Each structure stands twice: as structure tokens, then as C-alpha cells.
Peer 1: 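Have a look at this one before I ask anything.
Every chain is numbered from 1 and lettered A, B, ... according to where its sequence line falls, protein lines coming before strand lines. Here the structure is a predicted model, which is why all the values come from computation and not from measurement. Heavy atoms only: backbone and side chains are in, while hydrogens, waters and symmetry mates are out.
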There are 2 protein chains.
Amino acid sequence: MSPRNKELSEEMRTHSRATLIAAARHCFATRGYFNVRIADVAQQAGMSQGSIYWYFASKEDLLKAVLGEAFESLGAVMAEAAAAPGNARQKLDHLLSGLLQYAQEGSQFTSIMISLMGHTNEDMFARLGFDMDAIGLGYTESVLSILTQAQAEGVIPAEHNPLALTMMFFGLFNGLNLVYGQEWLSLPPETLKAGMLRLLGVQN
Amino acid sequence: MSPRNKELSEEMRTHSRATLIAAARHCFATRGYFNVRIADVAQQAGMSQGSIYWYFASKEDLLKAVLGEAFESLGAVMAEAAAAPGNARQKLDHLLSGLLQYAQEGSQFTSIMISLMGHTNEDMFARLGFDMDAIGLGYTESVLSILTQAQAEGVIPAEHNPLALTMMFFGLFNGLNLVYGQEWLSLPPETLKAGMLRLLGVQN
DNA sequence: CTATTGACTGAATAAGTATTCAATGATAGT
DNA sequence: ACTATCATTGAATACTTATTCAGTCAATAG
């Protein structure tokens, strides 16, 4: 009286779950959450609609899983740059490179976040269980710590307000994704980095 | 054998149509097109669902009316700055002031556009009858003309690529709206303008 | 007063889509 | 071989929501 052994079962489960999340990420990123049908995700994953409900309670629950990964990986990029050894200028380079790379590899994440951010369905994120203030604060703090170090080292003039710089920096990064999709990444990285550094007031 | 006279009828019509567009603009901007129900717009306008279909063929047709106004008014801001008299530096100031003012007064438009741009439902705009390439090009050209003049006048170093500057500029402006909603407008206008000018490589 | 027109209503309809669930298939211990 | 277990299926269900339409109302010319 026993079924498949534990290991295989576990393996199937993690595999299917990952397949579904990847399919959902792809669909949400390319067509936007509200334009994607559960049937689309199932087809993309090569599974049935019913299976989705074996792993996720609802379409929103699926979105939650996708977004969770997204927030985490973006946060990691920022935190890594802030924690990197070296002077402020090196950390800034680290941050810019990391974000450019993230924009290329993790472009699906950014697309999804953008497609949701536009919808000021205020409590959508809250309903999903995300504390956006806390998440945003985490990102902000990483960049802020680099900028204040840069001011201390005289790389950025002291008269600039670091919080304002951080906001503009995030605005620029997300805005390029918003307006130009992947297209902005075809600009030379040096041009992009130079622009971001100018925005931040970095003296060359 | 005759109804209400023409003038009154016409008046009712334009009034109701404007009311509906305003209601739709408000709803779309605050909750995002896909989260808004026709019933919501009707309630916001204080009219019945049926009335909407007296004036608009469909929900999309209503969106089209709202977006048409949006594109036009944003284009006007850019074109006005480009056509203003004076040197490049003055035109840049004109542009920045215009956009900041637009962001405050016409914030609903920007929110709606953002809520739609996120959805890479490629042909949505085309289905609505908008040629996005042409519209985007119009905006780009206005800014581009100012930037090339600025380079000719030595206000911006010649080594910068004006198209890249334009893209980053649009990215920054839209990104601030995307990430921070109206909140970014509480930063001092001088701080914002200074940041934008730095991004554009303007020498002070 | 009355007939005619056109704006307007809101309940009914039609379409679309998230979710459920009874049935199936696969596996492995007995 | 048998059976318990659990992932999986996909058609049926339940629900949401855009759209329709038969009818109401207000205004006015005759």
C-alpha cells in the first residue's frame, strides 16, 4: 500500500512548479498579466489548466510566485553592489554593470513589474502579500548607501540630495525599460553608464 | 412633429460626451484600463451603462477617445518648447517647465499611458488606430531639434549622441511617473530640472 | 394637446474566463 | 497482480463583465 516514492514525487512536483512559473513569467512579461489567460499559461507550460490549480490556489497566487522571484533577484543585484569591497566609484560601476546585465537577462521580470506598476490598483500588491514600501526601501537603501559614501569621498558634490538622486536613478532605469522595452539596451553600455553617472552628479 | 431644437440637443451631446471622457480618464488613470469596468465609468459619470454605448461603440473606443486627447496634449507641450523663440538653453528651460507642469496638471494622461505601455499587447495601439511609431517620432523630433541646437551653440558637448540623450530623457521623465506616481513632483523643481540637465550633458 | 425625435435607462443577454472536480494514469510497496 | 497515493487531465461550472435592446423621458414644433 504505497505510491511513488517520496523522492520522485518531490522531483515531479518541483519540476512542474518551476515549469509553470517559467511559463507564467514568459506570458506575463510578453502580454501583461491582465491579458494572459490561465489557458495561455497552461499551453505555454505544456500542461493542463487543472494542473495549475494543483500548485497554485489562483491566478493571483501564480503571479505572487513569479513576482516573489523578481523582487528577490533585483534586490540581490543592488545589495551585492552595496556590499562589494572598494571605493564608491567602484561600487557605482558595479551597480551599473549589474543593473545593465539584469536588464538583459532578467528582462522578463522588469516587464512584469512595469505592467503591474502602471495599474495603481492600490492594494493589489498588498493583496498578494507584498509590502511594497519595505521592498522599495530595501532597494533605496542599497543605492543610498553607495551615494552617501560617494559624497563622503568627494565623488559626488555634497550639495546634491542623495534621496533625490536615488529617485531619479530608479526613474531613469525603469523608464528606459518602460518606454523602449529591450531596445534601449542596444545603445552602447558606455553611453548608458555615462548618462547615469552624469545624472548622479558624479565628477569624472 | 419635431423634437428638442438642434442647439440644445447638440449641447446635451457634447456635454455628456465630455463627462464620459472625463470619467473614463479618471477611472483609467487611477485603476488602470484593464481593471476598470464599464459600470465603474458609468457610475463615475453619474450616467447609465447604456448611455456609454450611445456615444462610444465599445470600451476600446472610449479608451481611444481618452488617449487621443492625451497624445495630443503631450505633443503640444514638446512642440511648443521646440518652436519657442530664443537660444537652446531657453528652449530647454521651456521644455522642462512645460513637462513638469504637464506632469502636475495632466497626470491622469501619463498614468493611463503608462498603464497601457506596460502591456506589450503589441497591436493594441494599432487596433485603436494609433501609429505609435509616428507619435513617438513626433515627440522625439521636438526634443532632438532642441538638443542639436544646443550642441551647435556649445551648450551640450558635441561628443554626446543626441538620440541617446533624448531616449534617456524620455526614460527619466516617464520612469519617475511610473515608479513614484505623483510623489516625485514633491521634490524641488530646481532639483529635478538640474538632474535632467545633468543627464542631458548641459554645461552650466 | 399630441406626435416625433433623440437622449437616456437598466435589466437581460452573450461571451469570455477563472475555478472545480470526477475520472485517468503512473508508480511502487505489498 | 493488487492497491494506495498523488500528479494530471479537461470538460463542466460558476462568475464576471461587455454589449444590447425594448422601453421611458424630456423637449418642442405643429
Peer 1: Measure the distance from CG on L20(A) to P on dA18(C) and round it to the nearest whole Å.
Peer 2: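 To the nearest whole Å, that distance equals 15 Å.
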Peer 1: I want to check one thing: is the phosphate of dG6(C), taken as OP1 and OP2, less than 4.0 Å away from some side-chain N or O of R13(B)?
Peer 2: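 No, no such contact exists.
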Peer 1: Tell me whether the rings of Y102(A) and F109(A) are parallel (<30°), tilted (30 to 60°) or perpendicular (>60°).
Peer 2: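 Ring orientation of Y102(A) relative to F109(A): parallel.
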Peer 1: Please report, rounded to the nearest Å, how far the P atom of dC8(C) is from the CZ atom of R17(B).
Peer 2: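 Spelled out: CZ on R17(B) to P on dC8(C) is 13 Å.
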Peer 1: If I take atom CZ in residue F34(A) and atom C1' in nucleotide dT17(C), what distance separates them, rounded to the nearest angstrom?
Peer 2: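 That distance rounds to 15 Å.
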Peer 1: Output yes when at least one side-chain N/O atom of S48(B) is less than 4.0 Å from OP1 or OP2 of dC8(C), else no.
Peer 2: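 For dC8(C), OP1/OP2 do not have a side-chain N/O of S48(B) under 4.0 Å.
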Peer 1: Under 4.0 Å, heavy atom to any atom of DNA chain D: which of residues 53-67 of chain B qualify?
Peer 2: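 Those residues are Y53(B), S58(B), K59(B).
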Peer 1: Are any of the side-chain heavy atoms of I52(A) and M47(A) separated by less than 4.5 Å?
Peer 2: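 A side-chain contact under 4.5 Å is absent here.
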Peer 1: Any side-chain donor paired with an acceptor under 3.5 Å for S48(B) and S51(B)?
Peer 2: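 Looking only at side-chain atoms, S51(B) and S48(B) do form a donor-acceptor pair, the distance falling under 3.5 Å.
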Peer 1: Can you find a heavy atom in the side chain of L165(A) that is under 4.5 Å from one in the side chain of L144(A)?
Peer 2: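 No; the side chains remain at least 4.5 Å from each other.
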Peer 1: Distance check needed: dA28(C) P versus E11(A) CD, whole Å only.
Peer 2: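 Taking CD of E11(A) and P of dA28(C), I get 11 Å after rounding.
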Peer 1: Using atom CE of M12(B) as one end and atom P of dA26(D) as the other, report the distance to the nearest whole Å.
Peer 2: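 It is 10 Å, rounded to the nearest whole Å.
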Peer 1: Hey, does L116(B) have a side-chain heavy atom less than 4.5 Å from the side chain of L67(B)?
Peer 2: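 Yes, their side chains come closer than 4.5 Å.
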Peer 1: Mind checking whether F28(B) and Y33(B) have parallel, tilted or perpendicular rings, split at 30° and 60°?
Peer 2: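 F28(B) vs Y33(B) ring planes: perpendicular.
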Peer 1: Quick one: does any side-chain atom of Q149(B) pair with a main-chain N or O of A82(B) as donor and acceptor, under 3.5 Å?
Peer 2: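 Checked: no pair found.
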Peer 1: If a protein heavy atom is under 4.0 Å from the base, mark B; if only from the sugar-phosphate, S; if neither, -; do that for nucleotides 12-17 of chain D going 5' to 3'.
Peer 2: -----S
Peer 1: Answer with yes or no whether the side chains of K91(A) and S145(A) bring together a donor and an acceptor at under 3.5 Å.
Peer 2: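 No.
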